[in-house]
Every structure is written in C-alpha cells, then in structure tokens.
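Within every chain, numbering begins at 1; the chains are lettered A, B, ... in the order of the sequence lines, protein sequences first and strands thereafter.
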Amino acid sequence: MSGNWIEVCAADEIDEEDVIRFDHGGRTFAVYRSPDDEYFATDGLCTHEHIHLVDGLVMDDIIECPKHNGRFNYKTGQAKGAPVCVNLKTYPVKVEAGSVFIALG
Amino acid sequence: MGSIVIVGAGECGARAAFALREMGYDGKITLIGAEPHLPYERPPLSKDGLSGQLPPKYVADAERYRVAGIEVLTDTPVSAIDRTDKSVTLTDGTSIAYDRLLLATGARARTIAGTDDASRRIRTLRTHADAEEIRRELAPGRKLAIIGGGFIGLELAATARRLGAAVILIEGLTRILSRGVPEDIAAVVAARHRAEGVDLRCSAKIERIDADENCARVVLADGETVDADLVVIGIGAIPNTELAAAAGLAIDNGIAVDATLQTSDSDIYAAGDCCSFPLCHYGDRRVRLEAWRNAQDQGTLVAGNLLGAGEAIASVPWFWSDQYDLTLQIAGLAEGASTTVRRDLSDSAFILFHLDDTGRLLSASGIGPGNAVARDIRLAEMLIAAGKRPDPQALILPETKLKALLAA
Ligand SMILES: Cc1cc2nc3c(=O)[nH]c(=O)nc-3n(C[C@H](O)[C@H](O)[C@H](O)COP(=O)(O)OP(=O)(O)OC[C@H]3O[C@@H](n4cnc5c(N)ncnc54)[C@H](O)[C@@H]3O)c2cc1C
Ligand code: FES
C-alpha cells in the first residue's frame with residue numbers, strides 16, 4: 001500500500017482546514033489539513049464532472065466541490081450524497097521533518 | 001408500508017425517490033415521468049452536454065433504481081389526480097393509488113404566441129430532445145438567432161460559438177440578465193459574448209417570427225429582419241401546474257405550498273421548479289425558483305416530510321451559470337438591498353455583496369474564470385443563512401477570510 005512516498009510541500013504551506021493541489025506523474029491530487037492538524041490526500045478531481053477540488057471549501061472533515069457543492073469526506077473519500085455518488089480515492093499521508101508526503105500506489 | 005407516488009421524473013422527483021429510501025422508507029415508490037428518459041440533469045443541455053456527451057447525463061442509472069426498489073415509469077404522462085380516491089390516472093386509463101403524492105412536475109419553456117411552426121425552425125430548450133434537435137443546426141456556416149438574454153439563451157450562445165455557428169442574440173430590455181443579476185456582472189457577460197463574436201442586440205422588440213423549411217426570419221419592430229437557420233426562444237419558463245389546478249389545489253405562480261412543501265391537500269406535496277413557497281431568511285416572501293440545487297434540496301426535504309418529519313425549508317437560493325470559461329454564481333436574493341460593495345479577487349474575478357439597511361447580508365453574486373468565486377460565494381451563502389451583518393469594509397478586502405466572519 002505504502003508504495004513510494006512523494007514529497008508534497010512543507011507542512012505549514014497548507015492552512016488549517018484548507019486544501020492545496022498537488023500534481024505528480026500526470027495525475028492530480030488534493031491534499032488537506034484538517035482543523036485538528038492532520039493531513040489527508042485524495043484524487044484531485046470531483047467524481048461528478050471532474051472539476052478540481054482545490055477551489056472547494058473545507059469544513060471539518062468535508063470537502064465541498066466548488067462547481068455544484070457535491071460533498072465528500074476527505075478522510076475516507078466517501079461521497080456524501082447528490083450530485084456525487086462515486087467516492088473519491090484516498091492516499092496515505094505522513095508528515096516527516098516538517099514536510100508532507102503522500103504514498104502513491 | 002404504503003405507497004408514495006411521484007409525478008415528474010426530473011432532478012427533484014428522482015432526488016426525492018432516493019432520499020425516501022435513504023431515510024428508511026420501505027413502502028412502494030412509483031416515479032412517473034412524461035419524458036422517454038430516466039431522470040437526467042438539465043444544466044448540461046445548454047453547456048457541454050450540447051457540444052458532446054450524448055446520451056443525457058442521468059441522475060442515476062437504471063441499476064440504482066432497481067437496487068433501491070424504485071419503479072420508474074417513463075414516457076407516461078399523468079393525466080389526472082383523484083383526491084377522493086387518492087389515485088393518479090395515466091393517459092392509458094390505468095390508475096395508481098397513493099397514500100402520499102409528490103408533484104415534481106417542473107416547468108416548461110415559455111414561448112411566443114403564434115410561433116408554433118411545422119418546419120421546426122423555431123424552438124425552445126428544456127429537454128434532451130430539444131437539445132438534440134438544436135445541436136444538429138450548430139455548425140460552422142450555420143446561423144442561430146436567440147430570442148432572450150437570460151441564462152439559457154446566453155449559455156446556448158456560448159456553446160454555439162464554440163461549435164462555430166454564427167449567433168445573434170436579441171434582448172427586448174436595455175440589458176441582458178435583468179432578472180436577478182447585478183448590472184456590473186451582466187456587463188462582463190455581455191462584453192465577453194461580443195468579444196466572442198456574438199451579435200448582441202438589446203432594446204430590440206420583436207414584431208414576428210416567420211419560418212419555412214429553409215429559413216427562419218425574425219422581424220424586428222423597427223423593420224429590420226434577421227435571417228437564421230434556427231431560432232431558439234429563451235424567454236423563461238412556466239411552471240407545470242395544470243394537473244394540480246385541475247385537482248383543485250391552490251396555485252399562486254406555481255403550485256402553492258407551505259414551508260414544509262405541503263399543498264392545500266395534506267396528502268399532496270409539491271417541490272422543485274413547479275412550486276411557489278415562502279422563502280426563509282427573506283421574510284417568508286413567496287417565490288418560485290428555477291434552480292438545480294433548489295430542486296435537489298427540496299427533493300431531499302420533501303422526502304422527510306412525506307414521511308411526516310414536518311421540516312421547514314431553510315436553504316438560501318443558489319444558482320450558477322457557465323459561459324465560455326466564465327462561471328457566475330449567485331447566493332441569496334438582492335432585492336431590497338440598500339448597499340452594495342465589491343470584492344476584487346483578481347483582475348478577472350469579483351464578487352458583489354448586497355446588504356440591507358440594517359447591514360444584514362442578503363446576497364452575493366460573483367463572476368470569474370473557472371471556480372475563482374466559488375468558495376467565497378459558498379461562504380457568503382452561509383453568512384446569509386446565519387443572518388450575519390458583516391462589516392462591508394471587511395468584505396471589500398480580498399485578504400479578509402469570509403470563514404472568519406462566519407465564526408465572528
Ligand atoms: C437548458 C437548461 C439549463 C439549466 N442550467 C442551470 C444552471 O446552470 N444552474 C441551475 O441552477 N439551474 C439550471 N437549470 C434549471 C434546472 O435544470 C431546474 O431547476 C431543474 O431541472 C428543476 O428540476 P425539477 O425536477 O423541479 O423539474 P424538471 O427538471 O422540469 O422535471 C420535471 C419533469 O416532470 C415531467 N412532468 C411534468 N408534468 C408531468 C405529468 N403530468 N406527468 C408525468 N410527468 C410530468 C416533465 O416532463 C419533466 O421531465 C437549467 C435548466 C435548463 C432547461
Ligand atoms: S463537479 Fe463536483 S459536484 Fe459537480
């Protein structure tokens with residue numbers, strides 16, 4: 001599962017309760033910092049119309065898509081109801097020496 | 001157990017059907033629609049859906065209805081409601097009994113009297129079938145005339161330009177988007193359409209529209225004529241209230257419902273584009289919305305109320321439109337605002353906040369490329385719902401985090 005760890009950014013480059021975009025190997029991801037200071041990562045594009053989630057709103061453990069407000073739990077990837085019905089893929093994240101890493105399988 | 005019948009298999013009816021199951025209802029659900037398709041999303045019909053991506057974008061595939069145990073009858077108009085017998089009648093005479101009935105009959109495109117034409121060169125855009133026919137005419141060398149500078153006409157204009165058709169858009173009022181969109185934002189939209197080559201005419205009155213197999217001709221009041229391969233009329237929508245009216249339900253610019261979406265018959269509810277309801281946060285003013293998220297929100301809420309929850313609708317109206325790479329989003333209603341302030345997010349993205357004379361935030365409307373305004377509009381919606389009176393000067397500064405104002 002852990003595959004290879006890829007460095008995303010410095011841990012303080014993501015605000016609390018916020019999200020950034022991370023592109024790697026032709027794929028795009030969304031990396032989150034929760035209100036209680038944990039880090040998470042999901043696929044970057046909404047499963048409804050493939051809009052990037054980086055412009056969305058993070059509230060508690062929910063990322064809301066900027067396009068039509070589809071909601072996902074970014075910790076589990078679970079789609080929280082219409083218009084989104086397909087879950088987001090999630091990726092393991094770790095913070096080491098002040099940097100955020102994600103594991104791409 | 002029991003039986004819930006939903007008339008109208010659109011966004012709202014489909015959402016309600018699934019929500020009933022999510023809430024644990026295990027009785028019979030029959031979702032009845034007049035169109036030949038399973039419920040699909042209308043917004044793409046004037047946007048990307050028109051330039052590609054056929055068949056329609058379904059709300060859910062057949063398998064999901066099957067798994068949820070929702071019986072969907074397509075191509076099946078309901079012709080009458082018998083409130084004494086508590087049943088609906090289909091056009092073939094079959095009747096289906098209900099314990100509770102939901103009317104989610106939506107709206108249809110308004111048209112101009114005298115333009116029913118056999119040549120099919122004068123059309124409206126509401127259904128997938130409409131979109132398919134319109135799409136055939138959109139190609140380089142073809143000319144499209146759009147009547148009405150509302151959202152659907154403007155989105156269609158943008159899509160038609162992308163497909164290479166020539167476009168003239170004729171608006172009767174002095175500017176486009178006069179209903180519900182601030183002038184500054186409408187001006188950005190108008191400038192963009194002109195830059196993309198749309199021949200945009202405001203204050204142009206239409207005398208009549210003629211059509212034959214080869215061509216359509218719009219005759220303007222000043223005598224000018226505009227020839228086109230296709231004319232699309234986009235002058236708003238009319239709620240489908242006939243069924244409810246014939247059954248004696250109260251109608252008031254839509255099927256009249258209370259805050260729980262109950263009609264004047266306590267076993268019958270109505271939701272989505274077809275109903276008018278008292279709008280929370282705005283003095284319970286009676287409104288009818290034609291908006292995709294409203295159809296979803298009301299569909300979800302009404303499901304609970306069909307099961308006896310008795311919950312009042314409290315969402316803030318929210319709407320978006322996509323034209324070219326621009327997205328416009330509006331939360332709330334600006335009517336009654338006394339102060340407007342502008343927040344510039346970049347050279348090409350800004351938000352207008354409208355406040356009333358007590359300082360309460362009523363509405364926010366923004367425009368910009370991609371999703372530039374989305375997060376702030378969403379937060380503005382939450383500020384409105386919370387009845388906040390944010391400092392206008394703070395709203396102006398892009399560095400002010402609206403999330404912080406929400407907590408304040
Ligand atoms: C081209 C287009 C673009 C749009 N773009 C946007 C957008 O960008 N943003 C936005 O917020 N909103 C947009 N909308 C509005 C949005 O699509 C509507 O608000 C939404 O579809 C309303 O859903 P509804 O289920 O209430 O009604 P509808 O979608 O109208 O569905 C009602 C259904 O009921 C059926 N019906 C009616 N009477 C009967 C009967 N007697 N028996 C059986 N069936 C019946 C109709 O055939 C229809 O299929 C757009 C609409 C259109 C047409
Ligand atoms: S694209 Fe994300 S909800 Fe539609």
Handout entry: Main-chain N/O of A/Glu64 paired to A/Lys80 side chain as donor or acceptor, under 3.5 Å
Key = no
Given that the side chain runs from C-beta out, which part of [X] has a heavy atom under 4.5 Å from chain A: side chain, backbone, both or neither?
| X | result |
| --- | --- |
| B/Gln329 | side chain |
| B/Arg375 | both |
| B/Glu22 | neither |

So that I can tick it off, tell me whether [Y] and [X] are bridged by a salt bridge, with the cut-off set at under 4.0 angstrom between side-chain N and carboxylate O.
| X | Y | value |
| --- | --- | --- |
| A/Arg33 | A/Asp37 | yes |
| A/Asp60 | A/Lys75 | no |
| B/Arg293 | B/Glu381 | yes |
| B/Asp376 | B/Arg378 | no |

Exercise for the section: Determine the interplanar angle of the A/His48 and B/Trp292 rings, folded into 0 to 90°, and report it as parallel if under 30°, tilted if 30 to 60°, perpendicular if over 60°. Expected result: parallel
Practice task
Kindly assign one of parallel, tilted or perpendicular to the pair A/Phe29 and A/Tyr91, based on the angle between their ring planes and the thresholds 30° and 60°.
Solution key: perpendicular
Handout entry: Near-ring test A/Phe40/A/Tyr32, centroid separation under 6.0 angstrom
Key = no
Exercise for the section: Residue by residue, scan residues 320-328 of chain B and write down, ordered by number, those that have a heavy-atom distance under 4.5 Å to chain A; if none do, write 'none'. Expected result: B/Trp320, B/Asp322, B/Thr327
Problem - A/Glu49, part contacting chain B, at a heavy-atom distance under 4.5 Å - result: side chain
